[in-house]
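One structure is given here, and the rest of the page talks about it.
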Amino acid sequence: MDSLETERTTVGWAARDPSGILSPYTYTLRNTGPEDVYIKVQYCGICHSDLHQITNDMGQSNYPMVPGHEVVGQVLELGSNVTKYKVGDVVGVGLLVGCCRNCSACQSDIEQYCSKKIWSYNDVYTDGRPTQGGFAETMVVDQKFVVKIPEGLEPEQVAPLLCPGVTVYSALSHFGLKQSGLRGGILGLGGVGHMGVKIAKAMGHHVTVISSSDKKKQEALEHLGADQYLISSDATQMQEAADSLDYILDTVPVDHPLEPYLSLLKLDGKLILIGVVNTPLQFVSPMVMLGRKSITGSFIGSIKETEEMLEFLKEKGLSSMIEIVKMDYINKALERLEKNDVRYRFVVDVAGSKLDQ
């Protein structure tokens, strides 16, 4: 094996332009330093935000770009100062690979709110080298941003937990919504939404799935265990459900009105935005004022929360619902994801794929 001072090359699948088409790409990994973990990628989930990035929806994309931030892999080598892990451990890497470590967010162990955070791809390290994600053979990651996967959790099932799983868990935890007996709504039933149902139910909540049509009703009630299913385009159902929910987790990643959902909240209810939307959202102020309701947001979760979430899901026996694909199917999977044609998360079998062709 190469020494820690030797730069390595790896193969990933990268987008070269806003078409978002991925193809094989060979690049150099940064040196493995004393604080780093060298990881062989086994599985990587596909997130809707990957679509935003590879197609330059936010206007900040840099190419070539290897996406993927729901990474599960095996430790191949450790830096000299790494003591938490050992070679052979199964570990995870999420959306971040760096932070300043000095600001109030970092000092409070909520590094995801650091203004100098470093994204796992489409970003640069402090030395100016680009970060690349988990649609690749290997990664080198600072140990602070690596989590140990508890024994008993299947690695392919864990991948989506590193984004949608912890996003839901962090939001409910921060806003004091972990206690049993609450009535919650999950708006949108995709990768994040399905984990919202599972985690909220495991916390003892009465869960209502809110969707624009009835096409996911059976899945929500029978497969995921939701208590109710509310069709937002049905005015009668919406009126009957008014003032009934303590919170709504809004997972929808496209432009949508907020007012219909604000009407569902009780006094002091919270509409928590956790889906990334790149257009302004609108509402009229009385919808908030007359019920002292809150529109707020939450962003992924910290490393500490990720570890808590993994233990919680292990304790509760929960897993994600996934469709496993090989890397040569990635562009088709992205097409299907854009059409919401997946139940509920694609996971790429990276280790089982031929990445160089």
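Hydrogens, waters and symmetry mates are skipped; everything else that's a heavy atom, side chains included, is used.
- In this structure, a donor-acceptor pair under 3.5 Å is absent between the side chains of T9 and T28.
- Residues W119 and Y125 place their aromatic rings such that the two centres sit no closer than 6.0 Å.
- Counted by atom type alone, Y229 and K216 present zero donor-acceptor pairs between their side chains at under 3.5 Å.
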Run the side-chain contact (heavy atoms from CB on, under 4.5 Å) test on L29 and Y38 for me, step by step, so that the C-alpha distance in whole Å, both residues' side-chain angles and the decisive distance to 0.1 Å come before the verdict.
CA-CA 10 Å; L29 292 174; Y38 179 45; 3.8 Å; yes

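- When only modelled atom types and interatomic distance are considered, Y121 and D50 share a side-chain donor-acceptor pair under 3.5 Å.
- To the nearest 0.5 Å, atoms CG (L162) and OG (S120) are separated by 10.5 Å.
- Taking CG of D255 as the reference point, atom CD of Q282 lies at 8.0 Å (rounded to 0.5 Å).
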Quick one: do L161 and M195 satisfy side-chain contact (heavy atoms from CB on, under 4.5 Å)? Show the steps, please.
CA-CA 8 Å; L161 305 182; M195 289 308 307; 3.5 Å; yes

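- Under the 4.5 Å side-chain criterion, counting only non-hydrogen atoms from C-beta, T10 is not in contact with T26.
- With contacts defined as side-chain heavy-atom distances shorter than 4.5 Å, the pair I231/S211 does not qualify.
- The pair E137-K40 does not meet the salt-bridge criterion, since no charged nitrogen lies less than 4.0 angstrom from a carboxylate oxygen.
- Comment: D246 does not engage R183 in a salt bridge, judged by the lack of any side-chain N to carboxylate O separation of less than 4.0 angstrom.
- No more than 12 heavy-atom neighbours from other residues, nucleotides or ligands sit within 6.0 angstrom of CD on E338.
- Side-chain atoms of W13 come within 3.5 Å of backbone N or O of L355 as a donor-acceptor pair.
- When side chains are defined from C-beta on, R292 counts as touching L267, because their heavy atoms get closer than 4.5 Å.
- Taking a 4.5 Å side-chain heavy-atom cut-off between Ile, Leu, Val, Met, Phe, Trp and Tyr, the cluster of I21 contains only that residue.
- Side-chain atoms of Y63 come within 3.5 Å of backbone atoms of I54 as a donor-acceptor pair (strictly under, hydrogens ignored).
- Salt bridge absent: E154 and K314 never bring a charged side-chain N and a carboxylate O closer than 4.0 Å.
- Side-chain N/O atoms of S302 and E111 include no donor and acceptor closer than 3.5 Å.
- Here the side chains of V147 and L310 are in contact, with some heavy-atom distance below 4.5 Å.
- The other residues sharing a hydrophobic cluster with L230 are L187, I210, M238, L245, I248, V252, V254, L258, Y261, L262, L264, L265, L271, L273, V277, L281, F283, V284, M287, V288, I295, where clustering joins ILVMFWY side chains under 4.5 Å apart.
- A donor-acceptor pair under 3.5 Å links the side-chain atoms of D234 to the main chain of Q237, judged by distance alone.
- Between the side chain of R8 and the backbone N or O of V140 there is no donor-acceptor pair closer than 3.5 Å.
- Test Q60, Q53, Q132 against N122 for side-chain hydrogen bond (donor to acceptor under 3.5 Å, both in side chains) and you get one pass: Q53.
- The distance from atom CD1 of I272 to atom OG1 of T251, rounded to the nearest 0.5 Å, is 12.0 Å.
- In this structure, the separation between CG on L249 and CZ on F175 is 10.0 Å, given to the nearest 0.5 Å.
- Take D36 and apply the side-chain hydrogen bond (donor to acceptor under 3.5 Å, both in side chains) test, not counting sequence neighbours, and it matches R30.
- Listed for the H205 side chain is a donor-acceptor partner under 3.5 Å among the backbone atoms of L177.
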L337 and D341: CA distance, side-chain angles, deciding distance, side-chain contact (heavy atoms from CB on, under 4.5 Å) verdict:
CA-CA 6 Å; L337 177 59; D341 178 24; over 6 Å; no

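- With sequence neighbours left out, E35 forms a side-chain hydrogen bond (donor to acceptor under 3.5 Å, both in side chains) with N81, Q143.
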Between D243 and K266, is the salt bridge (charged side-chain N to carboxylate O under 4.0 Å, His left out) condition met? List the steps.
CA-CA 4 Å; D243 304 314; K266 297 178 182 178; over 6 Å; no

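- Y169 places no side-chain N or O within donor-acceptor distance of the main-chain N or O of L313, the cut-off being under 3.5 Å.
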Kindly indicate, with the supporting measurements, whether the criterion salt bridge (charged side-chain N to carboxylate O under 4.0 Å, His left out) is fulfilled by R345 and E70.
CA-CA 11 Å; R345 202 66 155 188; E70 301 172 5; 2.5 Å; yes

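- Looking only at side-chain heavy atoms (C-beta outward), V168 and I274 come within less than 4.5 Å of each other.
- Residues V276 and H52 are in side-chain contact: their nearest non-hydrogen atoms beyond the backbone lie under 4.5 Å apart.
- Panel note: side chain T131, backbone D123; a donor-acceptor pair is recorded below 3.5 Å.
- Annotation for Q239: atom CD does not count as buried by contact number, only 12 or fewer foreign heavy atoms lying within 6.0 Å.
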Review item, side-chain donor-acceptor pairs of residues 318-327, under 3.5 Å, at least two apart:
unit_1 : atom_1 : unit_2 : atom_2 : d
S320   : OG     : Q157   : O      : 2.8
S320   : OG     : Q157   : OE1    : 3.1
E323   : OE1    : R336   : NH2    : 3.0
E323   : OE2    : R336   : NH1    : 2.9
K326   : NZ     : G352   : O      : 3.4

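- When all heavy atoms are compared, the tightest approach of K293 to S263 is NZ-CA, 4.0 Å.
- In this structure, T55 and S19 approach most closely via the heavy-atom pair CG2-O, 4.4 Å.
- For the pair F299 and K117, the minimum side-chain heavy-atom distance is below 4.5 Å.
- Side chain of T167 to backbone of C163: a donor-acceptor contact under 3.5 angstrom is found.
- Side chain of S108 to main chain of A105: no donor-acceptor pair is present (N/O by atom type, distance under 3.5 Å, no hydrogens or angles).
- Evaluated for a side-chain hydrogen bond (donor to acceptor under 3.5 Å, both in side chains) with Y344, the options K198, E219, H194 yield exactly one hit, E219.
- Rounding to the nearest 0.5 angstrom, the gap separating the OG1 atom in T306 from the CD atom in Q112 is 8.0 Å.
- Between K86 and D89, at least one side-chain N (NZ, or NE/NH1/NH2) sits under 4.0 Å from a carboxylate O, which counts as a salt bridge.
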Expected list for residues 90-104: side-chain donor-acceptor pairs under 3.5 angstrom, two or more places apart:
unit_1 : atom_1 : unit_2 : atom_2 : d
R101   : NH2    : D142   : OD1    : 3.1
R101   : NH2    : D142   : OD2    : 2.8
N102   : ND2    : C100   : O      : 3.4

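- With values rounded to the nearest 0.5 angstrom, E335 atom CD is found 11.5 Å from I330 atom CD1.
- In this structure, K148 does not pair ionically with E311, as no charged nitrogen and carboxylate oxygen lie closer than 4.0 Å.
- A donor-acceptor pair under 3.5 Å links the side-chain atoms of N331 to the main chain of L22, judged by distance alone.
- A donor and an acceptor atom, one from each side chain of H256 and D250, are located under 3.5 Å apart.
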Using the side-chain contact (heavy atoms from CB on, under 4.5 Å) rule, take H69 and C47 through it: C-alpha gap first, then chi angles, then the decisive distance, then the call.
CA-CA 8 Å; H69 61 261; C47 180; 3.5 Å; yes

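- By the 4.5 Å heavy-atom criterion applied to side chains, V158 and P155 are not counted as neighbours.
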